[in-house]
Trainee: 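This is the structure I have questions about; it appears just below.
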Amino acid sequence: MNALEMTIEQITYEHYFPAKRRRGRATDTLDGYASSARLYVIPMWGDRPITGITRDEVQDWVDELAQRPETGPGGAWKAYKTLRQVVRWAMAKWSLFVADPTLGIEEPRRKTYRPETLTERRLKRLIRGMVGCQVEAAVVVSSSLGTRPSETYAVRWERVNWRTGEVPVDTALITASDGTLERPTKTIKGERSGYLPPWALDRLHQIWVGLGRPKGRIIGELKPSQVAYRVKTWIKRHRLPKITMKNLRHTWGTIAAKSGVKIETVAAMMGHSNIQVTYRYYYSLDAATSKTAQRRVARRILGKTCDDMYRGIPLAPAPVELPLAA
């Protein structure tokens with residue numbers, strides 16, 4: 001069949017998803033796209049070819065989805081990105097020189113997502129309180145490296161360099177529609193090396209020796225959901241600061257940014273594909289930072305005080321009423 005005559009449903013299920021699954025990267029992300037396609041993309045666009053869709057229709061669809069309680073702006077944008085992925089993949093694969101109906105769509109306005117994180121003191125309390133937990137090693141790795149939960153679960157004892165503290169981060173353990181599998185990291189930039197700080201390296205070594213120097217994953221044969229459950233129940237039982245494995249990563253990024261680590265370095269260490277993600281989640285302009293910047297700019301101009309700025313100029317009092325414009 002001519003590619004221009006294929007419907008979105010045919011492209012999606014007969015070509016796009018099979019091709020993506022053969023590549024084997026970020027299966028959990030692909031499952032999210034599959035769900036969005038099934039719920040929103042195919043019901044709306046499934047019976048149309050790419051040339052039968054207009055940009056205005058796509059914008060109206062996104063705006064309408066954003067108003068639904070079950071989707072909201074976030075779900076609407078995810079549905080749009082699913083359609084965009086399918087359309088642009090098809091255009092590239094079959095060299096379709098047609099107007100892209102997903103080009104120039106405006107994102108619905110939504111509240112800025114701020115992950116729940118721990119302060120330095122509460123993080124220290126959590127780490128100390130996890131001693132003796134079956135999955136303590138996973139908490140140590142996430143707290144000290146800022147890895148994604150799936151990346152943490154895939155760390156293997158035999159790959160930890162006990163001399164330098166290097167931990168290769170190039171695989172992820174995920175639970176997808178086809179089971180629990182090890183896959184490459186979410187993006188190419190996600191492949192990196194983390195370096196454990198001394199406290200984390202020493203504690204991991206103690207755990208490893210205590211377990212009899214095993215090989216394999218630091219979580220053993222547990223599944224990701226089982227690790228998350230054990231962390232949650234241990235925290236509840238011992239009345240520790242509440243946190244998820246995902247937000248342990250966010251905690252590391254937030255503390256790193258507040259500690260003065262360059263945002264580019266934070267992005268690289270966390271494996272972000274786009275530095276804008278790092279800015280959005282971890283950089284916040286607090287009062288201290290703003291005042292420091294203002295002092296530096298003021299000194300660069302003429303000085304810090306009003307007297308420095310207007311030295312030698314007689315200052316008349318401000319008029320009671322401003323003159324009217326001519």
Side-chain angles (χ1 to χ4, degrees), residues 1-110 113 148 150 172-190 223-225 246 273-274 276-277:
M1 178 183 290
N2 188 326
L4 286 174
E5 297 176 355
M6 287 187 189
T7 63
I8 293 296
E9 184 172 11
Q10 289 174 315
I11 295 171
T12 301
Y13 291 130
E14 296 177 17
H15 300 279
Y16 175 76
F17 281 129
K20 289 295 181 180
R21 288 200 169 92
R22 281 195 298 271
R23 302 213 29 151
R25 186 177 292 275
T27 307
D28 51 346
T29 303
L30 198 63
D31 280 354
Y33 280 134
S35 175
S36 191
R38 176 176 55 83
L39 293 173
Y40 307 113
V41 175
I42 300 305
M44 180 67 187
W45 311 108
D47 59 350
R48 299 202 209 177
I50 294 175
T51 53
I53 304 172
T54 68
R55 179 196 170 281
D56 287 345
E57 286 180 313
V58 175
Q59 184 68 71
D60 290 343
W61 171 65
V62 170
D63 293 341
E64 189 271 327
L65 282 179
Q67 300 301 316
R68 295 186 192 177
E70 70 273 19
T71 51
W77 196 243
K78 184 176 181 180
Y80 159 71
K81 289 196 294 184
T82 303
L83 175 64
R84 183 180 65 186
Q85 288 272 19
V86 171
V87 168
R88 295 185 182 179
W89 178 88
M91 291 173 67
K93 177 176 178 60
W94 293 301
S95 301
L96 304 180
F97 295 100
V98 295
D100 181 358
T102 67
L103 188 65
I105 302 301
E106 295 184 18
E107 182 175 1
R109 190 179 185 119
R110 50 181 166 171
Y113 170 67
R148 298 177 177 90
S150 58
L173 184 70
I174 59 174
T175 301
S177 56
D178 47 352
T180 301
L181 306 166
E182 280 194 13
R183 290 287 189 240
T185 51
K186 188 173 182 180
T187 65
I188 293 295
K189 288 187 178 180
K223 297 179 180 179
S225 59
K246 180 179 180 180
S273 59
N274 188 331
Q276 296 302 321
V277 175

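The shown structure was predicted, so the numbers you read here are calculated from the model rather than taken from an experiment.
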Trainee: Of all the heavy-atom pairs spanning P108 and A76, show the shortest one and how long it is.
Mentor: CG-CB, 4.5 Å

Trainee: Starting at CZ of R148, measure out to NZ of K246 and round the result to the nearest 0.5 Å.
Mentor: 10.5 Å

Trainee: Rounded at 0.5 Å granularity, tell me how far CG in D60 sits from CG in L65.
Mentor: 11.0 Å

Trainee: Is there a side-chain contact between R22 and P18 in this structure, where contact means two heavy atoms from C-beta onward sitting under 4.5 Å apart?
Mentor: yes

Trainee: Within a strict 4.5 Å, meaning less than it, do heavy atoms of the I174 and P224 side chains meet?
Mentor: no

Trainee: Could you tell me whether the side chain of P49 reaches within less than 4.5 Å of the side chain of L4, counting heavy atoms only?
Mentor: no

Trainee: Applying side-chain contact (heavy atoms from CB on, under 4.5 Å), name anything that partners K223, two or more places apart in sequence or on another chain.
Mentor: T180, S225, Q226

Trainee: Does the R68 side chain pair with the main chain of G72, one donor and one acceptor, at a distance under 3.5 Å?
Mentor: no

Trainee: Test of understanding: with side-chain contact (heavy atoms from CB on, under 4.5 Å), list the residues that count as partners of T7, not counting sequence neighbours.
Mentor: E9, Q10

Trainee: Please name all residues satisfying side-chain contact (heavy atoms from CB on, under 4.5 Å) with L39, sequence neighbours left out, ordered by chain then number.
Mentor: S35

Trainee: Say whether, by atom type as modelled, one donor and one acceptor occur between the side chain of E57 and the main chain of T54 under 3.5 angstrom.
Mentor: yes

Trainee: Looking at side-chain heavy atoms only, is the closest gap between L181 and L173 below 4.5 Å?
Mentor: no

Trainee: Going by the rule side chain to side chain donor-acceptor pair (under 3.5 Å), which residues pair with R88 if we only count those two or more places apart in sequence or in a different chain?
Mentor: D100, T102

Trainee: How close do W89 and A19 get, counting heavy atoms only, and between which atoms?
Mentor: CZ2-CB, 3.7 Å

Trainee: For the backbone of E106 and the side chain of Q59, can you confirm whether one donor and one acceptor N or O come within less than 3.5 Å of each other?
Mentor: yes

Trainee: Is there a side chain to side chain contact (heavy atoms under 4.5 Å, CB included) between I50 and L96? Walk through the geometry before answering.
Mentor: CA-CA 10 Å; I50 294 175; L96 304 180; 4.2 Å; yes

Trainee: Can you give me the closest heavy-atom contact between A34 and F17, atom names plus distance?
Mentor: CA-CZ, 3.5 Å

Trainee: Keeping to residues at least two apart or across chains, list the ring pair (Phe, Tyr, Trp, His ring centres under 6.0 Å) pairs with something in residues 44-68.
Mentor: W45-W61

Trainee: Are any of the side-chain heavy atoms of I42 and Y13 separated by less than 4.5 Å?
Mentor: yes

Trainee: Let me confirm one number: the OG1-NZ distance from T12 to K20, rounded to the nearest 0.5 Å.
Mentor: 12.5 Å

Trainee: I want to check something: taking the side chain as every heavy atom from C-beta on, are I53 and I8 in contact at a cut-off of under 4.5 Å?
Mentor: yes

Trainee: Among all residues two or more places apart in sequence or in another chain, which pass the side-chain contact (heavy atoms from CB on, under 4.5 Å) test with S36?
Mentor: Y40, K78, A79, T82

Trainee: Closest approach of G104 and R55, non-hydrogen atoms and distance?
Mentor: O-NH2, 2.7 Å

Trainee: Could you walk me through whether Q67 and D63 satisfy the side chain to side chain donor-acceptor pair (under 3.5 Å) test, starting with their C-alpha distance in whole Å, then the side-chain angles of each, then the deciding distance to 0.1 Å, before giving a yes or no?
Mentor: CA-CA 7 Å; Q67 300 301 316; D63 293 341; over 6 Å; no

Trainee: Is any side-chain heavy atom of Y80 less than 4.5 Å from a side-chain heavy atom of E107?
Mentor: no

